[in-house]
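Reading through the structure tokens given below for one structure.
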Amino acid sequence: METFRLLVDKDGDNEQIYSQAVDLLENGEVVAFPTETVYGLGAVATDDRAVKKIFEAKGRPSDNPLIVHIGSIEEVSNFIEEIPQKASKLMEIFWPGALTLIMKVKPGVFAPSVTAGLSTVGLRMPDHEVALKLLRKLKKPIAAPSANRSGKPSPTKAIHVEEDLRGKIPLILDGGTTGIGLESTVLDITVNPPVILRPGGITKEMLEEVIGEVILPNKEQQQLESTPKAPGMKYTHYAPEAPVYLIESDQQKVEKAIAQLKNDGNKVALLAPSNYHAIGADYFFTFGIEGDQERMGAKLYDDLRACDKTEANIILVTTTSTEGVGAAIMNRLEKASGGKWYTV
Ligand code: TXA
Ligand code: MG
């Protein structure tokens with residue numbers, strides 16, 4: 001299959017491109033599109049054969065349910081039995097935006113592959129002009145996971161989608177680089193207090209301001225049987241080819257680590273703040289100044305992918321605090337590294 005990547009820039013007349021995307025979706029095909037978090041790979045959420053194509057193209061395990069994207073808050077009542085009051089409040093404040101709400105789904109409204117046999121579904125209204133236009137023209141909900149091969153870092157540029165899925169999907173709507181760069185916060189609102197299944201751009205602090213107590217399980221709590229989990233959490237994620245090691249953001253320690261690794265014959269890629277540029281890594285990637293977590297999150301997946309294009313056989317990444325959006329960054333880094341830390 002030939003994969004077309006078509007630019008949908010702000011100023012152009014893109015009507016034809018949207019029509020093409022809608023036609024493909026109506027005819028049971030998949031289409032990749034940008035959101036404010038990462039690129040998604042979408043299919044009509046009521047079309048089981050189309051949704052199965054998403055799993056196939058990504059190589060995604062079939063027991064990992066998909067997020068359903070909608071174009072307005074009003075649509076929620078079509079799909080959800082009883083909308084919790086806290087959910088309504090959150091939608092009002094954070095939608096459109098990077099918040100996925102897990103709620104009890106009406107039986108039979110979505111294709112069985114979307115929910116993977118669960119009685120709940122994750123809904124979100126994306127805050128991106130291209131995604132919203134597509135949803136409004138299609139007038140149907142779109143099931144869409146991130147548009148990467150399963151296990152790889154999520155795509156924050158259309159070219160990342162192309163690298164992973166060329167030949168496997170017919171169309172990528174290219175809306176440039178995504179803003180947030182990390183996937184949405186997934187909040188299970190079927191339990192009380194609600195539990196964050198995946199931290200993201202909408203932080204625990206922001207949620208608590210609106211609905212009071214919210215649980216963000218720590219590593220020990222995540223192991224507990226009683227803690228709600230996203231089915232996808234058990235799988236490897238966000239991982240480049242070369243092994244990733246996390247290291248404390250301390251110039252002397254990082255310098256020593258690099259010297260040791262190089263001495264042992266390794267080629268090292270370092271992902272760190274800009275002031276680490278001269279400490280001897282074979283390849284250096286930076287998001288900018290230390291502590292700029294928004295920038296770090298926005299560029300993280302692009303940087304991890306860039307590390308993979310080098311000859312490095314080991315990737316070192318300096319860590320950040322788990323305050324605010326740092327919780328989401330550290331969550332992704334823990335997964336990308338499989339929890340490995342480099343100690344000197
Ligand atoms: O920002 C995002 O959320 C992006 C864009 C494209 O919207 N999408 C995304 O989808 O990251 P995906 O499939 O890569 O991640 C969805 C996560 C998975 O970990 C999945 O297990 C979890 O949400 N999930 C989906 N439905 C669920 C449900 N009913 N209960 C618990 N977890 C669920
Ligand atoms: Mg994903």
Side-chain angles (χ1 to χ4, degrees), residues 38-39 59 146 148-157 159-164 177-178 180-183 199-200 219 233 235-344:
V38 300
Y39 274 77
S146 49
N148 50 288
R149 282 288 292 177
S150 217
K152 295 279 130 211
S154 294
T156 54
K157 295 178 172 174
I159 193 80
H160 297 159
V161 182
E162 202 175 331
E163 282 166 7
D164 277 16
T177 305
T178 61
I180 296 175
L182 298 171
E183 305 81 354
K219 264 194 236 167
M233 289 198 321
Y235 296 108
T236 324
H237 265 97
Y238 323 116
E241 299 291 336
V244 174
Y245 284 84
L246 306 183
I247 187 163
E248 193 191 323
S249 187
D250 173 314
Q251 286 222 31
Q252 275 183 342
K253 284 187 184 160
V254 176
E255 194 164 0
K256 213 163 154 193
I258 288 171
Q260 260 178 21
L261 284 164
K262 283 171 75 169
N263 198 36
D264 293 342
N266 295 291
K267 279 214 178 299
V268 184
L270 173 67
L271 175 50
S274 48
N275 51 316
Y276 285 67
H277 69 99
I279 63 172
D282 295 290
Y283 306 95
F284 178 64
F285 299 95
T286 186
F287 50 87
I289 51 168
E290 175 110 58
D292 186 351
Q293 291 186 317
E294 253 165 55
R295 195 79 202 107
M296 186 177 183
K299 255 192 107 227
L300 183 66
Y301 292 144
D302 190 33
D303 284 337
L304 287 175
R305 281 178 182 260
C307 288
D308 249 353
K309 296 213 171 85
T310 68
E311 300 285 304
N313 66 322
I314 183 162
I315 301 170
L316 276 185
V317 186
T318 59
T319 57
T320 186
S321 87
T322 53
E323 303 273 295
V325 73
I329 295 173
M330 286 310 297
N331 168 274
R332 306 311 191 270
L333 284 178
E334 288 277 355
K335 295 227 165 169
S337 63
K340 299 188 296 293
W341 284 70
Y342 194 87
T343 42
V344 285

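For the single chain, residues carry numbers from 1 onward in sequence order. Since this is a predicted model, take the numbers as computed values, not measurements. Computed over heavy atoms, backbone and side chain alike; hydrogens, waters and symmetry mates excluded.
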By side chain to side chain donor-acceptor pair (under 3.5 Å) - contacts of [X] (at least two apart):
X	result
Q260	Y342
K309	E163
Y301	E183, R332
K335	none

Do [X] and [Y] come within less than 4.5 Å of each other through their side chains, counting heavy atoms only?
X	Y	result
L182	N331	no
I279	Q251	yes
I315	P240	yes

Could you grab the distance from atom OG1 of T310 to atom CG of D282, nearest 0.5 Å is fine?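 Result: 8.5 Å between the selected atoms.
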From CG (L246) to OG1 (T320), nearest 0.5 Å: 12.0 Å
Passes side chain to side chain contact (heavy atoms under 4.5 Å, CB included), L333 versus L300? Steps please. CA-CA 9 Å; L333 284 178; L300 183 66; 3.9 Å; yes
Look at atom OH of Y245 and say whether more than 12 heavy atoms of other residues, nucleotides or ligands are closer to it than 6.0 Å.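 Not buried by this count: 12 neighbours or fewer within 6.0 Å.
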Determine, step by step, whether H277 and T286 satisfy the side chain to side chain contact (heavy atoms under 4.5 Å, CB included) criterion, reporting the C-alpha distance in whole Å, the side-chain angles of both residues, the deciding distance to 0.1 Å, and the verdict. CA-CA 8 Å; H277 69 99; T286 186; over 6 Å; no
Might you work through the side chain to side chain contact (heavy atoms under 4.5 Å, CB included) test for Y238 and V244, ending with a clear yes or no? CA-CA 10 Å; Y238 323 116; V244 174; over 6 Å; no
So which pairs with a foot in residues 236-248 pass salt bridge (Lys or Arg N to Asp or Glu O under 4.0 Å), sequence neighbours left out? K152-E241, E248-K253
Please list all pairs meeting salt bridge (Lys or Arg N to Asp or Glu O under 4.0 Å) that have one or both residues in residues 284-301, counting only residues at least two apart or in different chains. K299-D303
What are the two closest heavy atoms between [X] and [Y], and how far apart are they?
X	Y	result
P153	L304	CG-CB, 4.3 Å
H160	D302	NE2-OD1, 2.9 Å
D164	R149	OD2-N, 2.9 Å

All side chain to side chain contact (heavy atoms under 4.5 Å, CB included) counterparts of [X], not counting sequence neighbours:
X	answer
S146	V38, K58, N148, S154, P155
S321	Q293, E323
N313	N266, K267

Determine whether K157 and R305 satisfy the following criterion, side chain to side chain contact (heavy atoms under 4.5 Å, CB included), listing intermediate values before the conclusion. CA-CA 11 Å; K157 295 178 172 174; R305 281 178 182 260; over 6 Å; no
With sequence neighbours excluded, residues passing salt bridge (charged side-chain N to carboxylate O under 4.0 Å, His left out) with K340: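 For K340 there are no salt bridge (charged side-chain N to carboxylate O under 4.0 Å, His left out) partners, ignoring immediate neighbours.
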For D308, check salt bridge (charged side-chain N to carboxylate O under 4.0 Å, His left out) against everything at least two apart and list the hits.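 None.
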Using residues 269-276 as the side-chain source, report each donor-acceptor pair under 3.5 Å to any protein atom, sequence neighbours left out, with the distance given to one decimal.
| unit_1 | atom_1 | unit_2 | atom_2 | d |
| --- | --- | --- | --- | --- |
| S274 | OG | G288 | O | 3.4 |
| Y276 | OH | S249 | OG | 2.9 |
| Y276 | OH | D250 | N | 3.0 |

